[in-house]
Amino acid sequence: MILLLLPSLSVAQGVDEILTPVAGEQLEEPDPGLDIPGAVTVLDRDNDAGDQLEVYFEPPADLEGILAYNIYRRAVSDEGNEDWSLVKIIPVIEPTEFIDGYDPEYPIEPGILYEYKVASTSITGEEFFGPVCRAEIVSQGEFYHTGKTRVLIAGALFIFLIFYYFGKAQRGFKMYLRPIAGIEAIDEAIGRATEMGKPVLYVPGLSTISDVATIASLTILSRVAKKIALYQTPLLVPNRDPIVYTVADEVVKQAYLEAGRPDAYDPDSVFFLTDSQFAFVAGVNGIMMREKPATNFYLGMFWAESLILAETGSLSGAIQIAGTDAVTQLPFFITTCDYTLIGEELYAASAYLGREPKQIGAVKGQDSCKAIIMVFITLALIFGIIDIVADTHILDWLRNIVTSPIID
Amino acid sequence: MLNIDRRWIFLAIGVVSIVPFLIGIGMPVSTTVEVENIFDYVNELGKDDAIFISFDYAPGTQAENTPMAIAVMRHALHNDVSVFLTANQPLGHGMAIGALHYVTDPAIPDFYESVSFEDWSALRDAGIVDKDELVSAWESEGNVLPEGCSGWIFEGRDYALLGYAPVFNLVILGMTNSIEAQYPQDAHGNSTGEMPMLRDHKSLREVDLALSCSGSGACVWWITYAREKIGMPVAFGVTAVMATDYYPYIQSGQIIGQMGGLRGAAEYEVLLYENGVTVTTGKAFTGMDVQSAAHLLIIFLIIMGNIAFFAGGFHKKTALKGRG
Amino acid sequence: MIVLVGGILMIVQYFIPHQYSQNIFNYYTEWAPIVGAFALILGVGSLTRVHSHKIRRKAKNWQFSWAVLIPLYGMPFFALIWPQSLWGGMEEPGIFDFVFMHIQVPIQATMFSLLAFYIASAAFRAFRAKSALATVLLLAAVIVMLGQVPIGEMLGRWLPETGLWILRYPNLAAKRAIMLGVGFGILATNLKIIFGVERNWLGGAGK
Amino acid sequence: MYETIGIWVGAFFTLAIYSFLYKENPLYRLAEHLVVGVSLGYTISITYDITLKPRLIEPLLAGSHWILIIPAILGLLYITRFIPSIAWLSRYPIAFLMGTSMGVSFPLTMKAWVLRQLEGAMAPLYVSGMNWSEVAGNIVLILGTLAALIYFFFSKPHKGLFFGTGSKIGIWVIMLGFGATFGFTVMGRISLLIGRIQYLLGDWLHIIK
């Protein structure tokens with residue numbers, strides 16, 4: 001199976017011109033044929049598993065008539081009876097170097113000595129062999145990949161920062177988190193429902209419990225339920241996921257208990273609706289039209305149904321507070337709801353309300369990473385301006401710090 | 001006025017989406033650099049090259065994703081580039097089969113005549129695997145290309161239906177070492193080790209492009225596991241909903257280009273048509289008229305709704321009509 | 001515990017190119033799909049349980065549960081045990097492919113296209129320029145929507161150009177900031193799971 | 001014949017779903033339930049055919065590769081999920097997959113999502129040959145990314161020149177981005193409808209080509 005590559009038309013024509021006489025005069029004085037390639041140099045490749053070698057060979061002085069080079073390899077053994085295997089074909093226009101060992105059919109074994117020979121091939125497939133060269137080294141695997149240092153540093157820094165803030169939060173350190181607009185509106189919205197004597201609807205998203213957004217939503221639900229217990233306003237929490245339903249039920253019960261109103265807890269306020277997406281929406285819409293809740297919360301993970309929910313809610317005249325990390329649904333919430341928690345604001349809000357050390361630690365740790373990113377971008381901006389004004393190249397230097405080359 | 005039964009609006013959008021089809025306007029679609037980059041890249045490839053087209057979507061978004069996959073597949077087959085078809089989810093497997101059927105369906109213009117892996121086994125055993133030699137040898141056996149057909153395609157040389165594999169991110173990672181190890185057989189039960197295209201392109205290192213047609217964020221796997229590991233060029237064909245999220249990857253150079261939604265597919269069809277690769281444009285292009293009309297209707301509805309709202313025609317406490 | 005060892009092993013593996021590390025990794029890429037394939041048992045099991053329950057208790061709409069269970073077991077039956085085509089002819093694809101191409105595909109594709117109707121309705125009844133920010137959002141949306149379709153080009157060259165400019169610069173800036181935030185979020189979640197701080201993903205198994 | 005029946009069946013279910021726009025009804029519910037069963041049934045068949053058969057069962061039957069027993073047993077532990085007394089065993093396969101995939105993705109995510117994006121964010125403002133809209137774009141790009149990051153920064157109050165103004169610009173940039181998403185989402189949903197109409201009018205009724 002020979003892979004022939006005609007580099008360009010002109011080369012192909014050139015080959016024709018040369019070969020025509022050769023074909024005709026084959027029996028006479030053996031034509032010197034094609035010029036043969038020179039010595040082969042083999043180097044161990046860095047940062048590999050000991051299964052790759054870098055192979056270079058000197059191109060022949062005279063390239064005429066050569067279509068490609070065939071490179072053969074075999075393991076060096078005492079008897080010398082190993083078969084040669086064709087490991088690579090390089091078209092003549094390409095550089096005379098390659099990395100051996102990528103081909104899964106002819107793998108290189110670490111610690112074994114190989115020898116190579118290279119042949120120039122003509123368009124008819126004739127091969128003219130150069131010298132057999134023995135590799136001076138054997139391939140070896142390394143224990144650390146030097147090209148990945150930047151990823152290692154960044155990863156280590158990240159792990160350190162996260163655990164630093166985890167530890168700090170767990171030791172009970174008070175840490176500042178800025179207030180979030182949507183959260184401040186919660187109390188006001190519940191108050192409004194109380195005044196109107198209408199229920200509050202809380203949809204904890206349509207996803208499962210393993211979704212971070214769902215967990216954040218349940219933390220906020222706990223806070224909302226506590227407020228509601230104090231005001232004695234009816235609460236409605238429809239669920240799509242059975243496990244989320246059990247957890248949500250638990251959360252609300254607990255909140256009523258903590259508010260000192262376990263008697264006011266209505267076991268029917270948290271309920272499982274259905275697990276089908278659109279039927280769930282139809283069900284919630286039905287509730288909105290019948291019960292006319294004064295306030296709707298949509299916090300958690302939403303998909304395409306977000307807009308149907310929010311549309312009905314806005315028509316029913318309710319105050320709507322939404323929050324999700326689903327970027328594609330956010331625009332619909334922003335245009336139909338009164339307050340929207342955008343992406344990470346949802347997590348931060350749950351950390352802010354929940355005051356759970358784990359969550360606050362995570363938010364703080366991520367914040368410090370963002371601070372590092374912001375410093376880099378600010379520097380890049382300043383350096384970029386300096387580059388234009390003073391015609392220097394310091395931005396490249398800065399970019400170089402974070403650039404990780406593609407090597408493996 | 002805002003309380004009109006929503007079913008009237010449903011009816012309006014239905015009518016607007018049907019009428020332009022019946023009239024058939026064919027408004028011109030201009031192309032953007034994001035799509036041109038993919039086209040130019042594939043256009044440079046030849047018979048020694050190979051690409052992956054990954055069907056990373058479910059039937060839910062087939063209207064957007066399938067035209068993209070088909071357009072690029074036709075382009076690659078036209079240039080004799082070998083095409084590997086994969087899927088990151090089981091339903092995508094069915095989508096890949098469907099797209100292959102579409103491209104080889106004689107009832108649809110620009111179709112290719114497929115030769116199954118067994119049918120040309122004799123030629124293969126004789127060592128004829130170069131595309132040009134293969135075609136002439138095949139035709140010399142008395143096979144005639146049907147009328148209107150764009151060319152022969154040989155299973156195992158021009159395309160391989162690898163299909164779905166679970167934990168697909170790790171499959172991509174594994175294919176950077178060896179494709180055959182991840183897919184010992186193709187979806188038709190043929191041994192991939194015997195396929196000429198797998199012998200020429202043994203790992204992703206020897207493949208020139210991966211196009212992920214995707215309706216979810218999973219297309220990023222190709223960047224994380226293939227592009228960042230071995231520098232393989234990646235292109236996206238994503239649904240419009242996802243498209244805006246991936247502009248950062250274009251700017252950072254992690255993908256060579258992107259087709260966003262039906263519009264992106266229509267652009268590729270236009271490029272194919274203008275460059276003489278196909279004789280007609282496909283479904284995406286015909287859909288653009290409806291797209292225009294429907295966008296106008298929706299913008300009109302937004303404006304009217306806001307006027308009605310701010311003019312006070314809306315009373316927050318009036319009853320809600322229609323079904324929710 | 002398995003999580004901790006597995007996680008750290010794989011992180012460390014990334015930085016070590018040596019052959020032992022590569023061997024571990026090769027085993028892993030071979031095994032993971034096999035283990036992953038068995039995870040389907042969970043889906044089949046819980047779906048069967050929920051719907052057989054419904055049928056037994058004659059819950060509301062219990063008849064429809066048959067519409068879930070019959071294809072659930074029928075599909076593998078037609079695919080693996082009895083790959084019969086519809087009329088028994090040889091050229092026709094089997095019942096398995098028929099059900100997929102002509103039931104599954106149309107239903108799923110149509111489900112999502114329902115949204116086009118709902119968007120139109122919401123456009124009229126709910127998308128409000130209530131604040132300066134929502135106004136900016138809607139304006140940008142209108143420009144992008146017009147810029148993306150042929151009719152926008154006919155209305156003026158500036159429409160698609162402005163639309164593309166929004167997509168390529170402000171949109172990119174916003175999405176990159178979100179992406180960096182999400183990236184850190186994913187990394188933090190990875191860490192929390194590896195070190196056992198987060199356990200919700202077990203989904204209550206064995207509780 | 002086969003194709004025709006297929007298209008009629010497909011058209012029937014398409015219309016069954018659309019009937020939901022008028023009113024919820026048993027036909028819609030039937031279609032909705034069917035799709036759940038069919039998609040999982042399809043998944044099982046494909047997974048068996050493409051993964052379990054060639055990668056596990058055939059190598060095992062061939063008598064070699066006995067080591068594959070380990071992942072097979074690990075996978076079978078999933079079944080214990082339905083036997084309450086030993087359900088904890090099902091944690092092992094989940095833990096195996098979760099732990100290792102988290103470990104694999106950690107450095108790669110760091111590289112592809114964080115470092116690579118940071119590199120992109122540090123773009124030069126001006127390279128010769130750019131027109132004014134590209135330069136303006138680059139300024140918006142760098143400042144916008146910075147401002148949007150400030151908006152999502154929770155450790156400092158949004159006051160003062162840097163954090164106050166920054167977060168205000170940030171939210172505007174975010175809104176422009178969401179506007180683009182909004183427009184594209186509308187476009188996408190309509191495209192899906194177009195696909196169905198092409199199916200109904202073209203493949204089924206043959207009114208359009």
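A note on names: the letters A, B, ... follow the listed sequences, proteins ahead of strands, and every chain is numbered from 1. In this text the structure is predicted, and so the values were computed from the model without any measurement.
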With a 4.5 angstrom heavy-atom cut-off, is it the side chain or the backbone of A/I385 that approaches chain D, or both, or neither? both
If one checks every heavy atom of A/A304 against chain D at 4.5 Å, the contacting part turns out to be both
Can you see whether [X] engages [Y] through a side-chain donor-acceptor pair at a distance of less than 3.5 angstrom?
X	Y	value
D/S155	A/D367	yes
A/Y347	A/D325	yes
A/T336	A/E311	no
A/Y164	A/S368	no

Pick one of side chain, backbone, both or neither for [X], based on which atoms fall under 4.5 Å of a heavy atom in chain A.
X	value
D/I150	both
D/M122	both
D/L108	neither
D/E32	side chain
D/R29	neither
D/T145	side chain

Just list the side-chain donor-acceptor pairs under 3.5 Å for residues 174-182 of chain A, sequence neighbours left out, or say none.
unit_1, atom_1, unit_2, atom_2, d
A/R178, NE, D/F153, O, 3.4
A/R178, NE, D/H158, NE2, 3.1
A/R178, NH2, D/Y151, O, 2.8

Is D/T51 close to D/L56 at the side-chain level, that is, under 4.5 Å between some pair of heavy atoms? no
For A/E344, enumerate each residue passing the salt bridge (charged side-chain N to carboxylate O under 4.0 Å, His left out) test, keeping only those at least two apart in sequence or located in another chain.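 Applying salt bridge (charged side-chain N to carboxylate O under 4.0 Å, His left out) to A/E344 gives A/K370.
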Under 4.5 Å, heavy atom to heavy atom: which of residues 35-46 of chain D reach chain A? Give them by number, or say none. none
Pick whichever of A/Q277, A/K364, A/Q366, A/E345 has the most heavy-atom pairs under 4.5 Å with chain D. A/E345
Sort out for me which of A/L379, A/I342, A/D387 touches chain D most, counting heavy-atom pairs under 4.5 Å.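 Of the candidates given, the most pairs with chain D belong to A/I342.
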For the residue pair A/S306 and A/Q329, what are the closest heavy atoms and their distance? OG-OE1, 2.7 Å
Any residues in residues 388-396 of chain A near chain D, with a heavy-atom distance under 4.5 Å, and which are they?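 Hits under 4.5 Å: A/I388, A/L395.
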